[in-house]
Amino acid sequence: GPNSYTSDNGIVSDAFQRAATAGIIGRTIIVFPNNTFPAGNSMWADSFDGIRPGETNVIRELIPYVDSHYRTIPTREARLIQGMSMGGMGTLAYVYNYPELFCCAVGYASALLDTLQLIKAHHPGVFSDEADWRQFSPWDTLFSNITAIRANNMAVRLVVGALDTSSDARIVANNRIMRDNLISLSVPVEHVEVPGVGHDFGSLLTAEGNNSFTFFARNMNPGASPTPTPTATPIPSGSYVQRVDVGAAASYTDSSGNVW
């Protein structure tokens, strides 16, 4: 489905095509969740009032739906996640809260807002109070769930434009702090600041897309034993929310003539 940046779906597919053509990564199903609700986005969390079930949509609906309807390899070792800006923050929140579901993650320009005041200013109505926010916040869940994160061999890559220095989101500074937190906790992390780039997904993918797909390929293990898929929540027919839109990357022909 359309994400916060409408053109990102095509940008990601194009970046995948470049990496696949270069032989960096193989056959992949790319899924674009939709975080748009009548009341606004949910920061990929479940809003406290239940009106914006962003996390439920992805974790308990989308993943089981894709695994049951498409030819996936239903293991954490074959499932990865990436996001841009608010999606980058959601990406980290998901892999810290659910490391048993993903093998690795890339956050592009992750908007790691670090106070409830900032959260409410940018995304009002999502969290009821500080305690509610801390259950989702990657600043907290990295520490509170570190045992499971380490046990599942989670690996993280952070890609940031060196010019992405807004006064409130503090994207460059906060991604450096997150990198340092990961290092201090012995969680494998790559951190890249791209010179001359601001908050621009296309430019970040042009500069670092192939390196991110290399990171994905290095951390995936499609031959691993199956891991449990989250319990599926039925997707109601006629729902006002477009719950899932699944697509595969464009086909390409490898050096052996196989069409993927």
Side-chain angles (χ1 to χ4, degrees), residues 2-16 18-19 30 32-33 35-36 40-45 54 80-96 102 104-124 126-127 133 136-142 154-185 187-216:
N3 55 24
S4 300
Y5 299 79
T6 305
S7 64
D8 282 3
N9 297 3
I11 291 171
V12 171
S13 296
D14 289 346
F16 172 84
R18 293 192 295 270
I30 301 176
F32 297 100
N35 193 231
T36 302
N41 72 64
S42 76
M43 291 186 60
W44 301 101
L80 48 87
I81 185 170
Q82 73 173 28
M84 164 71 184
S85 192
M86 181 182 69
M89 184 174 196
T91 289
L92 297 186
Y94 287 173
V95 300
Y96 296 167
F102 306 96
C104 54
V106 175
Y108 286 96
S110 301
L112 297 170
L113 304 181
D114 53 4
T115 69
L116 183 62
Q117 181 181 2
L118 278 176
I119 295 293
K120 288 190 171 183
H122 286 268
H123 306 284
V126 177
F127 302 104
W133 154 238
F136 180 80
S137 166
W139 295 108
D140 291 272
T141 55
L142 171 60
M154 180 56 60
V156 175
R157 189 168 203 262
L158 304 172
V159 181
V160 186
L163 303 181
D164 202 348
T165 55
S166 65
S167 58
D168 58 355
R170 302 177 65 247
I171 288 177
V172 170
N174 280 355
N175 274 265
R176 289 175 182 172
I177 295 170
M178 183 60 72
R179 171 203 62 195
D180 293 345
N181 286 347
L182 288 161
I183 291 171
S184 73
L185 293 168
V187 177
V189 58
E190 294 183 9
H191 174 264
V192 180
E193 292 180 7
V194 182
V197 175
H199 203 68
D200 184 334
F201 195 19
S203 296
L204 292 174
L205 278 175
T206 297
E208 284 293 323
N210 277 3
N211 289 331
S212 290
F213 282 112
T214 298
F215 169 84
F216 283 145

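Numbering of residues begins at 1 and proceeds along the displayed sequence. It should be emphasised that the depicted structure is a prediction, and the values quoted were computed from it without experimental measurement.
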Subject >> Aromatic ring pairing Phe136/Trp133, orientation class (parallel under 30°, perpendicular over 60°, tilted between) >> reply: tilted

**OP:** Compare every heavy atom of Ala45 with every heavy atom of Phe127, then report the nearest pair and how far apart it is.
**Re:** CZ-CB, 3.7 Å

Original post:
Do Val106 and Glu208 touch side chain to side chain, with heavy atoms closer than 4.5 Å?
Top reply: no

Original post:
Hey, what do you get for NE2 (His122) to CG (Leu113), rounding to the nearest 0.5 Å?
Top reply: 5.5 Å

**OP:** With side-chain contact (heavy atoms from CB on, under 4.5 Å) as the test, would you mind laying out the steps for Val12 and Gln82 before giving the verdict?
**Re:** CA-CA 10 Å; Val12 171; Gln82 73 173 28; 3.9 Å; yes

Original post:
Considering all heavy atoms of both residues, which atom of Tyr94 and which atom of Phe102 are nearest to each other, and what is their separation?
Top reply: CB-CE1, 4.2 Å

Original post:
When rounded to the nearest 0.5 angstrom, what distance separates CE in Met84 from CG in Leu205?
Top reply: 8.5 Å

**OP:** Could you tell me whether the side chain of Ser212 reaches within less than 4.5 Å of the side chain of Val159, counting heavy atoms only?
**Re:** yes

Original post:
Of all heavy-atom pairs between Met178 and Leu112, which one has the smallest distance, and what is that distance?
Top reply: CB-CD1, 3.8 Å

Subject >> Side chains of Val192 and Arg157 in contact at under 4.5 Å (non-hydrogen atoms) >> reply: yes

**OP:** Output the distance between atom CG (Asp180) and atom NE2 (His191), rounded to the nearest 0.5 Å.
**Re:** 8.0 Å

Subject >> Interatomic spacing from CG in Leu92 to OG1 in Thr141 - rounded to 0.5 Å >> reply: 8.5 Å

Original post:
Quick one: does Pro188's side chain get under 4.5 Å of Phe215's, heavy atoms only?
Top reply: no

Subject >> Tyr108 side, atom OH; Ser203 side, atom OG - distance, nearest 0.5 Å >> reply: 12.0 Å

**OP:** Measure from the side-chain N and O atoms of Ser42 to the backbone N and O of Trp44, and report whether any donor-acceptor pair falls under 3.5 Å.
**Re:** yes

Subject >> Between Asn41 and His123: side-chain donor-acceptor atoms closer than 3.5 Å >> reply: yes

Original post:
Any idea which heavy atoms bring Leu182 and Leu158 closest together, and the distance?
Top reply: CD1-CD1, 4.5 Å

Subject >> OG1 on Thr206 to CZ on Phe201, rounded to 0.5 Å >> reply: 10.5 Å

**OP:** Identify the two heavy atoms, one from Asn35 and one from Gly54, that lie closest to each other, and give their separation to 0.1 Å.
**Re:** ND2-CA, 3.8 Å

Subject >> Thr165, Asp114, Leu118, Asp164 screened by side chain to side chain contact (heavy atoms under 4.5 Å, CB included) with Arg170, the one that passes >> reply: Asp114

Original post:
Is there a donor-acceptor contact under 3.5 Å from the side chain of Asn175 to the main chain of Ser110?
Top reply: yes

Original post:
Where is the tightest heavy-atom contact between Ala105 and Thr91, given as atom of each residue plus distance?
Top reply: CB-CG2, 3.6 Å

Original post:
Any donor-acceptor pair under 3.5 Å linking the side chain of Ser13 with the backbone of Gly10?
Top reply: no

